[in-house]
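We name chains A, B, ... by the order of the sequence lines, and we start the count at 1 in each one.
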Amino acid sequence: MSRFYITTPIYYVNDAPHVGHAYCTVNADAMARWHRQVGDETLFLTGTDEHGQKVAEAAERNGVSPQEWTDQTSARFRASWDDLNIAYDDFIRTTEPRHYETVQKFLQAIYDNGYIYKDTYRGLYCVSCEDYYTSEALNEGNCPVHGRPVTEMEEENWFFKLSAFEDRLLEWYGQHPKATTPDTKRNEAVSFIKGGLRDISITRTSIAWGVPVPWDAKHVFYVWYDALVNYLTAIGYGRDDALVEKWWPNVHHLIGKEIIRFHCVWWPAMCMAAGMEPPAHVQVHGWLLVGGQKLSKTMAGEGAVRLTDIAPQSLTAEFGVDPIRYYLLRDTPLGTDGDFSIEGITARYNTDLANNLGNLVARVATVVGSKCGGLSPALPVDSPLAAEAKTAVDTARSAWENFAPHLALEATWRLIGATNAHLELNAPWKMEPGTDVDRVMAEALEALRIITALIVPAMPGTAQTIWERLGLAGDVASLAFDEVTSWGQFPAGLTVTKGDPLFPRIRVEA
RNA sequence: GGGGCUGUAGCUCAGUGGUUAGAGCAGGGGACUCAUAAUCCCUCGGUCGUGGGUUCGAUCCCCACCGGCCCUACCA
C-alpha cells in the first residue's frame, strides 16, 4: 500500500466560490477518491486563505471583526464543497492556531538558517494594485496593469533570500524533471528562475491581520508567505515530526497556472531554506474560459458572463451534482485551458450521460426484466466484452496515475459504447428467453458492473445508485479497484431493478 | 516594455521530420425498435494561423508577423 497526499490551493476568502475553484477541487477530489479505491492511504487537503489587507478591509466595511468575517466567508467554501460531494480529509483555515504554530516554527527555521534579513524596502507602489513594482516591470513609467503613475514608497521589511536559491533550484529541477507537470509549465518556472531571482519582502508592518513574526512583534507575515505553509500545517509540522515524515515530500499540489511562481519557485526555495525537501510534484491546470455565450440569469445574474460570477451551486441545482463533476473532469484536461459553457455542459449531459450511460442502464434493466425474469443470469466464461473491459480498466488506471481524469473517463465511455454495440449486435430483445439471451444480458450486466466501478471517482453518487439497481450489495467505492474491475464476477440470481431515468434528457430548443 | 504558452475538420481537442493528418460532438444517409425520439453502422468535412527559412522532404525544427491567453512578485 502506498500513500497519496493531494492538495488544492487554499482559496482566498474574499472571493465567492466559483466554477474555477470547483474545477480544481473536483479534480483533486476525484484523484483522491481513485487513490482510496486502489487502497492508498490518502490525505486530501483543501481550505481557505484568510489573512491579508483585503480581508481586513472587507471585515471593516462589513462592520465585523476579521475573524467573524472569515468565519462567514470560509463557511461558503465548505458549503460549496459539501454540495459538490467533495470528500476532503482536512480543511485548513490559516487563522487556526495550528497554522500559526507551524508558520512560526517553519519561518523561524528559515531565519535560524540565515535566509531572512532586515532591510528597507524602497519601491514603486501602485495604489490601484496595492502593490510594488520594479522599474523594469513598469510600462513606460506607469503601472503595467493600470497604466497609471506609481509613487515611491519606503517600508522596513524582513526579506527572504530567494536569490540564494537560483542554482539549487535549477539543479533540483534538473534532477526532478517531473516535479512540475505538464512540461510546458515546468519550462515556465525554470525560465523564470534562469531570468534571475531577487529577494522578496515577506513581512508587513502596515497591517495586523496576519501571523506575527516570532522574532519581531511589529511585523506580520505577508499573506502568500503564510499561505504556502498550510501544506505543512496539515501534516503537523512543528508538532508531530513522525507525521511530517510520513507525508512529506511526496505531495501533489494541484494549482492553477497563475500561481506557478509561488508553488514552483518560492515554495521549493522556502522548503530548502528550512532544511526540507521541496514538494515532489506540482500539477498545474489551466483556466476555464467563458467564450462569450449568454448565461441565463438564474445562472449568473444579469449580463454576467465571467466565470468568477458563476456559483457552483447554481450549476448543480440545474444539472445535478454528478453531471457537473463529470463535465469538469471530462471536458478540460489538466494542464490546458478549457472552454466553459452551458452548451458544453448540456452536450456532455445529453450525449455521455443520458444517451450513453443512462440509457444503457435502462435498456439492460428492461431486457433483463422482460427476458430473464428480472434476475441476473449466469455469466459465461468467455465474452468479447472482457477484452474491452480490460482495456478500459488498464487505460483508466494509467490515466488516474498520470493526473488525466479526462482520459480515464474517455476510456470508460469507450466501454459503454462497446456494450451498447454488443447489445445491438446480438439484439436479445428479438430472441426467445433462453440461454442466448441469458448470455448476452449477463455480459451486459458484467460490463455495467465494471463501468460502475470505473465511474466512482468522478460520480460517486451515480455509481452507488447503479450498483444497487444491478442488485449488487455493499458500497462500491469501498471495494478494491483491481479486484472489482476484473471480468467474471457478476453473481447469478440478483434482482435487477430499472428505476427512473438516471439522467433525463435535457430538451434543447432548436 | 520584458518573460512564457497557444493557434489542426462547424465545435472541443489528439497527433507525427516522410506514403491517403485522427477522435468525440454537431451535420447527412441507413438499420433497429429493448431503451431516456435513445442505440448501432456508414458518411460529409481540414491548402494543420500568415509569410519566409533549414531540409531530398515540414503541420511537426528556426525566424518574423497576426490573433488568443498567463505571469511581471496577494485572482482555480
Paired with [N]: which nucleotide, if any, by Watson-Crick or G-U wobble criteria at under 3.5 Å for both distances?
N      : answer
B:rG67 : B:rU6
B:rC44 : none
B:rU33 : none
B:rA76 : none
B:rC13 : B:rG22

Contact class for [X] vs. all strands (heavy atom < 4.0 Å): base, sugar-phosphate, or nothing?
X      : result
A:H51  : nothing
A:T336 : sugar-phosphate
A:L425 : nothing
A:P504 : base
A:F503 : base
A:K430 : sugar-phosphate
A:G195 : nothing
A:A354 : base
A:G417 : sugar-phosphate
A:G256 : sugar-phosphate
A:W266 : base
A:L288 : base

Taking atom types as modelled and ignoring hydrogens, do the side chains of [X] and [Y] form a donor-acceptor contact shorter than 3.5 angstrom?
X      : Y      : result
A:D199 : A:Y117 : yes
A:T95  : A:E50  : yes
A:S80  : A:Q313 : yes

Would you say A:D90's side chain and A:T46's backbone share a donor-acceptor pair under 3.5 angstrom?
-> no
Is there a donor-acceptor pair under 3.5 Å between the side chain of A:Y326 and the backbone N or O of A:I455?
->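 Checking the backbone N and O of A:I455 against the side chain of A:Y326, no donor-acceptor pair under 3.5 Å is found.
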Evaluate the ring planes of A:F262 and A:W224, with Trp represented by its six-membered ring, and classify them as parallel (under 30°), tilted (30 to 60°) or perpendicular (over 60°).
->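 It falls in the parallel class, under 30°.
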Using the six-membered ring wherever Trp is involved, compare the ring planes of A:F165 and A:F160 and label them parallel, tilted or perpendicular (cut-offs 30° and 60°).
-> parallel
Indicate whether OP1 or OP2 belonging to [N] is found under 4.0 Å from a side-chain N or O atom of [X].
X      : N      : value
A:N356 : B:rU39 : yes
A:R198 : B:rA73 : no
A:R507 : B:rA37 : yes
A:N355 : B:rU39 : yes
A:K498 : B:rU36 : yes

Can you tell me, in whole Å, how much space there is between the P of B:rG10 and that of B:rU6?
-> 23 Å
Looking only at atom C1', what distance separates B:rA14 and B:rG24, rounded to whole Å?
-> 10 Å
Has A:W287 got its ring stacked on B:rA76, by the test of a centre gap below 5.5 Å and a plane angle below 30°?
-> yes
Rounded off to whole Å, could you give me the [atom1]-to-[atom2] distance for the [X] and [N] pair?
X      : N      : atom1 : atom2 : result
A:K257 : B:rU72 : NZ    : P     : 13 Å
A:E443 : B:rC34 : CD    : P     : 20 Å
A:H263 : B:rC70 : NE2   : P     : 19 Å
A:D339 : B:rC13 : CG    : C1'   : 10 Å
A:I342 : B:rU12 : CD1   : C1'   : 16 Å
A:L45  : B:rA76 : CG    : P     : 15 Å
A:F340 : B:rC13 : CZ    : C1'   : 18 Å

A:R414 or A:L502: which one's nearest nucleotide on RNA chain B is closer to the 5' end?
-> A:R414
Relative to the 5' end of RNA chain B, which residue comes earlier, A:E188 or A:R261, by the nucleotide with the nearest heavy atom?
->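 It is A:E188, whose closest nucleotide lies nearer the 5' terminus.
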Got more than 12 heavy atoms from elsewhere within 6.0 Å of NZ, A:K118?
-> yes
If you check every side-chain atom of [X], which of [options] has the closest atom?
X      : options                : value
A:R505 : B:rC40, B:rG4, B:rA38  : B:rA38
A:T184 : B:rC5, B:rA73, B:rA35  : B:rC5
A:N420 : B:rG4, B:rC40, B:rC70  : B:rC40
A:E424 : B:rU39, B:rU36, B:rA73 : B:rU39
A:C24  : B:rU72, B:rA76, B:rA26 : B:rA76
A:F262 : B:rA26, B:rU36, B:rA73 : B:rA73

Which one of A:L357, A:I451, A:T351 satisfies the side-chain contact (heavy atoms from CB on, under 4.5 Å) criterion with A:W413?
->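 Option passing the side-chain contact (heavy atoms from CB on, under 4.5 Å) with A:W413: A:L357.
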Pair of N/O donor and acceptor under 3.5 Å linking B:rA35 base with A:N359 side chain |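 Counting by modelled atom types and ignoring angles, a donor-acceptor contact under 3.5 Å is found here.
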